[in-house]
Every structure is written in C-alpha cells, then in structure tokens.
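In what follows, a single structure is set out as structure tokens and then discussed.
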Amino acid sequence: MKSTLEQALQEAVTKLLLNIDTNDTPRVHLTRSKADGHGDYACNIAMVLARCLKQKPSDIATNILFHVQWPAEVCKTEIAGPGFINIHLKAASEANILCSIVAQGVQYGNQHVTSPQKICIEFVSANPTGPMHVGHGRGAVLGDSLVRLLQTQGHDVQREYYINDAGGQIGVLACSVWARIKELQGQAVVFPEGGYPGLYIVDIAREILISHPFKTLLKMPENERMTLLADLAVSKNMTLIRADLARLNIHFDLFFSERQLHESGAVNTLIQRLQDDNLIFNGILPPPKGKSVSDYTPQVQPLFKTTSFGDDVDRPVIKQDGTPTYFAADIAYHYDKHGRGFDRMIDIWGADHGGYVTRVQAAVEALTGLQKQPDVLLVQMVNLTRNGQPVRMSKRAGTFVTLEEVVREVGADAVRFNFMTRRAETQFDFDLEQAKLQSNENPVYYVQYAHARIYAVLRKAEAMNVRRIAATDCDLSLLVAKSEQALIAQLLGYPGLLQKAADRLEPYRLTNYAMQLAAGFHTFYHQCRIIQDNTALVHARLLLAEAVAQVLHNTLNVLGVSAPEKM
RNA sequence: GCGCCUGUAGCUCAAUCGGAUAGAGCAACGGACUUCUAAUCCGUAGGUUGCAGGUUCGAUUCCUGCCAGGCGCACCA
C-alpha cells in the first residue's frame with residue numbers, strides 16, 4: 001500500500017515538474033503518521049520541493065493533490081502543518097496483511113535483496129587465556145543477532161571467531177599453568193610476574209595432571225613442555241568459551257587460529273608482498289603522545305606505509321626480535337578473509353580497540369583496494385555493578401565476574417534481550433542484582449508475556465470449541481477499534497524495520513520494536529475482548545492475535561530469544 | 001596534546017538517514033481482576049534535548065567552538 005501511494009504521488013510530482021527546469025526529481029518518501037488525526041501516512045515532498053520551486057509548501061501540496069490519482073483505498077487527504085500531505089485510508093483497508101503474516105509464518109518480514117552479499121562477521125574473539133567476561137558477552141550477543149538480522153535480508157552470513165593463540169600472552173598462560181601445576185605438587189613456587197592469577201588456571205592445571213603425569217612433564221625440555229602446556233591450556237579455555245557461547249545459543253561457523261596463520265607462512269608471505277609493493281620502508285617512529293613511556297628509544301624499523309591510506313602514523317609490522325607484530329598477523333587474517341570471497345567483512349571489537357580501526361582499514365585498502373573495510377562496530381564498555389557498587393573486571397586481577405555466572409543468574413534470554421536494548425556505542429551499566437529481578441522491570445519478560453498470553457487465548461478458544469475459519473474468510477473490516485488499527489499499523493511496519501536495522505547494522509532496534517508491539521497487544525487485550533459473542537469478530541480478533549504472536553516470535557528469533565507459549 | 005564514542009524527564013533509554021505537540025519503562029501519586037494469564041492495563045505528574053553560535057520553511061538530528069564523562073595513543077595482544 002505504501003509503495004502504491006508513493007508511486008501515485010511520484011507521478012503527480014513528475015507531472016508538476018514537467019514545465020519546470022530542474023535537474024533532478026526528488027524521491028517521494030512516505031512515513032507512517034505518528035499522531036492521531038494525521039491520517040495513516042504523511043508525506044513531506046511539498047516542503048522538499050519548496051526550495052527549488054520557490055513557492056510556499058502549502059501551495060505546492062495543493063498542486064500535487066490536484067494532479068494525483070489515488071487508489072480506491074484512500075478516503076481523504078489533507079494539507080496540514082507547514083505543508084504535510086496527510087493521507088487517510090478507509091478503515092481496515094490494510095488489514096489483509098494479517099493473512100499474509102499468518103501465511104508466511106516465520107518468513108514474514110524477510111526479503112531477498114537484489115544483490116545478496118557473502119558477509120563475514122567476526123566477533124567475540126576473546127583471548128583464549130581465560131573465561132569470557134560480561135563485556136565479551138555484549139559483543140557476542142550483538143554479533144549473533146547481527147548475523148541473524150542480515151540473514152533475514154537474504155545475505156549469506158558467516159560467524160567467525162579469531163583465536164589469538166600466538167604471541168607472548170600464550171607464553172604467560174603456559175607459565176601460569178606450570179606454576180599452578182608445581183603448586184599442586186606441593187612445591188613452593190613464586191607465581192610468575194604478570195601471570196594469570198585466576199583460579200581457573202588451577203582447574204586447568206589439575207585437569208592436565210590427570211592426562212599428563214607430573215614426572216613426565218618435569219622430564220621434558222623446557223621449550224617442549226611450555227608448548228605442550230600452552231596448547232592444552234588454549235584448548236581447554238576454548239572449550240570453556242564455546243560452552244559459554246552455547247549457553248547463549250551462539251555457534252560459530254569457523255574458529256580461525258592466529259597461530260595457523262604464522263605456521264602456514266601466510267604472515268611472512270604477506271610481509272614479503274608488502275615489501276615487493278614498496279609499502280614497507282625503514283623509518284623511525286616518533287614517541288607516543290600523551291602517554292609517558294619511560295623506555296622510549298628511537299630506532300629504525302620496518303614500517304608499513306599506512307599513512308598513504310588514511311592512517312595517522314605508519315605502523316611496524318616486525319618487532320625488534322624479528323618476529324611479526326600482532327598487526328601483521330591481523331592484516332594477513334583480513335587478507336585471508338578477502339581471499340575466501342567475502343564481499344563484506346564486519347568486525348565487532350571492544351571500545352578499547354577503537355584506535356586500531358583506521359590502521360586495519362588502511363591495510364585492507366592497500367592490499368585489496370576495498371575502502372572502509374572491515375566495517376568495525378565498536379562495542380562500548382559494560383560497567384558491571386552489584387547493587388550500584390562497581391565490580392571490577394580484570395583478567396589480571398583474577399576477580400572478574402564471568403559471563404557464565406551472569407548467564408546462570410539472569411538466564412540466556414534476559415542477557416540477550418537486555419544487552420540488545422541499547423545501541424552498541426553507548427556505555428552499558430549492567431547491575432547484577434537488578435538484572436536478576438524476574439519482574440516487570442525486565443523488558444524481556446514483558447515481551448515474552450505478551451507472546452504467552454496470546455497462546456493462552458488461543459488455547460482458551462480451542463477449549464471452548466471455537467471453530468477456526470480460513471484467514472482469508474475472516475471479515476477484517478470489523479477491526480476498527482483504535483488499538484486494533486494501531487496493532488495492524490505496527491505489524492505493517494515490521495519488514496521496513498528489519499530492513500532499516502539491517503542497513504544500519506543496528507539490531508537494538510528490534511528490542512524497541514518488540515516492546516512496542518507487546519505494549520500494543522496488551523492495550524488491545526484490555527480494550528477488546530477477543531472471545532465474546534460476535535463470532536465474526538472473534539475470528540477477526542483471533543487472527544490479529546495470531547499475527548501479533550507470529551511477529552513477536554520472528555522478532556525474538558532474530559534476537560536469539562525464545563518465545564514461550566506458556567509462562 | 002590528538003583521535004574515537006557519549007551527553008535527552010529524578011533514574012535507564014527512544015525519537016523512522018532534518019519533520020508536525022520530543023516519547024516509553026522504572027521510581028511517585030490515583031484508579032482497574034465474579035469474565036480470554038494483573039509478569040497486565042488506564043490516568044496524573046515530570047523537559048531551556050550539556051552550553052553558545054551557525055545552516056533553513058523547520059534542528060535532539062547537520063556544521064563550528066566550548067564543557068563534562070568513557071576509551072585509546074611505538075617496539076603488547
């Protein structure tokens with residue numbers, strides 16, 4: 001209906017502009033009217049045209065209305081405010097959407113974009129040195145919902161996890177585990193400086209001792225032992241991480257190992273290629289600004305000319321000891337993704353990596369010519385509090401609340417929904433005690449309750465032997481109550497909302513929509529009794545309720561939240 | 001010092017790529033269960049959209065400058 005109206009208006013505008021010398025015809029864009037009394041749709045085209053036509057918007061609107069050929073459903077139009085064209089439709093003229101919703105079921109709202117893309121979304125990528133904390137959880141929930149959201153638009157989307165299983169931190173991990181193993185054997189140990197003090201390391205140590213006797217470990221050469229311990233610890237941590245993710249119903253298509261990238265020679269090959277392309281030169285980096293670095297010494301080292309692609313300074317790709325930097329591996333990783341045929345890469349990082357975006361994009365552009373790739377979504381910090389008191393989150397201190405604990409306390413649905421109630425770029429104050437309250441303060445229950453409530457009514461109808469008729473046989477013109485009209489309008493908006501959320505990579509919009517739709521249903525529920533004497537009205541209202549349940553289900557599904565039929 | 005993010009009701013957040021009277025929830029107050037799930041609904045109250053300019057028919061939205069908070073700033077990952 002919306003596009004039909006837009007087309008009608010567009011034709012009128014084109015006619016209007018026939019005699020006028022203009023370069024381009026602005027596109028007509030209809031919006032749903034917000035306020036009561038403004039009709040069903042509103043159009044601002046007259047105001048848009050005001051400048052180039054140099055006429056008053058209200059006069060232009062009058063002219064447009066003179067030319068336009070409306071479809072039969074339009075019952076009234078008016079010019080309001082500064083020049084809006086408000087369109088009123090005949091009552092319930094769009095109610096047949098309910099039939100489509102029920103017929104399309106879980107597919108309602110989905111579409112197939114004209115040019116589907118192969119998209120790789122990399123998210124979480126928590127270091128395999130310990131359990132995930134709440135901040136990781138936010139990124140995890142965002143990434144997974146984003147995958148689901150882009151899939152509704154017909155894209156081919158994959159979930160990818162980049163395992164940082166190389167570098168110094170893995171050595172530290174191995175040392176920490178070894179210290180705990182010796183401790184468990186009753187040896188007095190000095191815990192390594194900067195090691196991971198968390199108790200989970202003790203668990204890992206204990207597990208390793210079961211499969212690898214202490215004597216055997218002791219006999220091994222230092223190098224060999226540390227490599228083995230690192231492998232085992234990483235593997236066990238990844239098992240924990242996968243379990244944490246599974247608890248949130250998140251499953252990755254690929255876990256990509258950084259170490260593999262080094263061992264396969266991909267990183268060195270890449271550095272060689274950069275050298276061949278004259279993108280690397282020997283230079284001296286200036287001292288970092290604003291951060292006191294006591295041991296800064298100017299030195300000549302190989303630098304990647306990222307400044308040629310928009311970066312602030314050139315970046316080192318090889319460390320003093322001759323091994324590649326993390327950055328080098330990361331470039332190789334993104335280059336690999338590109339090689340695997342992804343049209344688009346989306347990375348979800350923590351806000352503390354914000355300074356890293358430009359250099360990766362610069363590198364990707366240098367290598368592939370793609371601009372602004374990857375798309376990086378920076379997830380701001382989660383400030384975890386307990387009864388208003390801040391809880392420190394630090395792997396190093398070993399005193400963090402793990403994601404697992406939170407999911408156990410609050411439940412996966414509540415964690416997923418709550419994390420998606422805010423935009424990614426806003427900081428999130430997440431209070432453990434408040435999130436544990438399973439009351440109406442928790443929006444997820446509000447939405448799920450609406451869904452369960454509909455099913456209660458459907459069960460009731462069945463119990464009362466209300467014989468259902470085909471959706472297309474329902475007399476939907478009976479749905480004229482204010483709350484019924486409002487619900488239908490909300491349901492009509494769902495596909496557009498999905499598309500918008502997908503275009504902007506903003507799944508949080510779905511939580512807002514779900515809450516509004518649930519509110520719309522609760523209002524309807526109180527205002528209009530579904531099961532009553534008028535059989536035709538019962539049929540129409542049951543169909544409406546069913547459609548609402550379907551759309552709630554679809555919305556929650558994109559958010560990865562369950563839609564219970566009973567609560 | 002520089003870069004990125006944020007600033008809206010007492011609190012937590014919305015506001016459809018610049019639209020009409022800036023909306024919800026919580027907290028406060030007053031109502032609604034002999035009837036489909038009261039985990040709900042209805043009503044009242046609550047605002048100089050951080051500050052100051054600019055752009056135009058029109059600004060929470062865009063631009064500039066300030067203020068406040070968060071994150072980051074070589075040879076770590």
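By convention in this document, chain letters (A, B, ...) are assigned in the order of the sequence lines, proteins followed by strands, and residues within each chain are numbered from 1.
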Review point. Can you name the ring-ring contact (aromatic ring centres under 6.0 Å, His included) partners of A/Y455, sequence neighbours left out?
Key: A/H451
Exercise for review: Assign each of A/G167 and A/P286 to its nearest nucleotide of RNA chain B by heavy atoms, then name whichever residue's nucleotide is nearer the 5' end.
Suggested key: A/P286
Review point. With nearest nucleotides of RNA chain B determined for A/P82 and A/R453 from heavy-atom distances, which residue corresponds to the more 5′ nucleotide?
Key: A/P82
Would you measure the distance from the [atom1] atom in [N] across to the matching atom in [M] and give it in whole Å?
| N | M | atom1 | value |
| --- | --- | --- | --- |
| B/rU8 | B/rC73 | P | 27 Å |
| B/rU6 | B/rG47 | P | 26 Å |
| B/rU16 | B/rA74 | P | 38 Å |
| B/rG10 | B/rG31 | P | 26 Å |
| B/rA68 | B/rU21 | C1' | 31 Å |

Considering every strand and a 4.0 Å limit on heavy-atom distances, what is the contact class for [X]: base, sugar-phosphate, or nothing?
| X | value |
| --- | --- |
| A/A42 | base |
| A/Q448 | nothing |
| A/Y356 | base |
| A/A80 | base |
| A/T523 | sugar-phosphate |
| A/A456 | base |
| A/C528 | base |

Check your understanding: Do A/Q320 side-chain and B/rC75 base share a donor-acceptor contact under 3.5 Å?
Key -> yes
Check your understanding: Does the B/rG72 base have a donor-acceptor partner in the side chain of A/D352 within less than 3.5 Å?
Key -> no
**Study point:** Residue-level proximity of residues 300-317 of chain A to RNA chain B when a heavy atom falls under 4.0 Å
**Key:** A/P316
Check your understanding: Which ones in residues 323-333 of chain A lie close to RNA chain B, meaning a heavy atom under 4.0 Å from one of its atoms?
Key -> A/Y326
Exercise for review: Assert yes or no for the condition that the ring centre distance of A/F524 to A/F521 is strictly below 6.0 Å.
Suggested key: yes
**Study point:** Centroid separation A/F255 to A/Y162 less than 6.0 Å
**Key:** no
For the side chain of [X] and the backbone of [Y], is there at least one donor-acceptor N/O pair under 3.5 Å apart?
| X | Y | value |
| --- | --- | --- |
| A/T511 | A/R422 | no |
| A/Q448 | A/Y445 | no |
| A/Q532 | A/N534 | yes |

Ignoring backbone atoms, establish whether [X] has a side-chain N or O less than 4.0 Å from OP1 or OP2 of [N].
| X | N | answer |
| --- | --- | --- |
| A/T297 | B/rC75 | no |
| A/K566 | B/rU37 | no |
| A/K460 | B/rU37 | no |
| A/Y446 | B/rC41 | yes |

Are the side chains of [X] and [Y] in touch, meaning some heavy atoms are under 4.5 Å apart?
| X | Y | result |
| --- | --- | --- |
| A/N418 | A/V141 | no |
| A/Q260 | A/Y333 | no |
| A/V177 | A/Y196 | no |

Practice item. Would you say whether A/H38 stacks on B/rA20? The test is a distance between ring centres of less than 5.5 Å and an angle between planes of less than 30°. Key: yes
Point to revise | A/F84-B/rA20 aromatic stacking (under 5.5 Å, under 30°) | key: yes
Exercise for review: In sequence, state the C-alpha distance, the side-chain angles, and the governing distance for A/F281 and A/K305, and then conclude on side-chain contact (heavy atoms from CB on, under 4.5 Å).
Suggested key: CA-CA 7 Å; A/F281 70 105; A/K305 275 194 273 192; 3.3 Å; yes
Check your understanding: Nearest to the side chain of A/M381, which nucleotide is it out of B/rC71, B/rC36, B/rU37?
Key -> B/rC71
**Study point:** Identified stems (criterion: three or more consecutive Watson-Crick or G-U pairs, under 3.5 Å), RNA chain B
**Key:** B:1-7 with B:67-73, B:10-13 with B:23-26, B:28-32 with B:40-44, B:50-54 with B:62-66
Practice item. List the steps and the verdict of side-chain contact (heavy atoms from CB on, under 4.5 Å) for A/I45 and A/L30. Key: CA-CA 9 Å; A/I45 189 68; A/L30 279 188; over 6 Å; no
Review point. Is the closest side-chain donor-acceptor distance between A/H88 and A/E78 under 3.5 Å?
Key: yes
Review point. Is the base of B/rC42 syn or anti, if syn means a glycosidic angle within 90° of 0?
Key: anti
Show me the protein contacts with nucleotides 10-15 of chain B, counting only N or O atoms at under 3.5 Å.
unit_1 : atom_1 : unit_2 : atom_2 : d
B/rU12 : O3'    : A/R422 : NH2    : 3.2
B/rU12 : O2'    : A/R422 : NH2    : 2.0
B/rC13 : OP1    : A/R422 : NE     : 3.0
B/rC13 : OP1    : A/Q427 : O      : 3.4
B/rC13 : O5'    : A/R422 : NE     : 3.1
B/rC13 : O5'    : A/R422 : NH2    : 3.4
B/rA14 : OP1    : A/R423 : N      : 3.4
B/rA14 : OP1    : A/R423 : NH1    : 3.4
B/rA14 : OP2    : A/R423 : NH1    : 3.2
B/rA15 : OP1    : A/Y508 : OH     : 3.0
B/rA15 : OP1    : A/R509 : NH1    : 3.4

Exercise for review: Apply the test side-chain contact (heavy atoms from CB on, under 4.5 Å) to residues A/L279 and A/F304: give CA-CA distance (whole Å), side-chain angles for both, the deciding distance (0.1 Å), then the verdict.
Suggested key: CA-CA 6 Å; A/L279 289 167; A/F304 180 5; 3.9 Å; yes
Name each donor-acceptor pair under 3.5 Å that joins a side chain in residues 348-363 of chain A to protein atoms two or more places apart or in another chain, with its distance.
unit_1 : atom_1 : unit_2 : atom_2 : d
A/R359 : NH2    : A/G355 : O      : 3.3
A/Q361 : NE2    : A/P374 : O      : 2.8

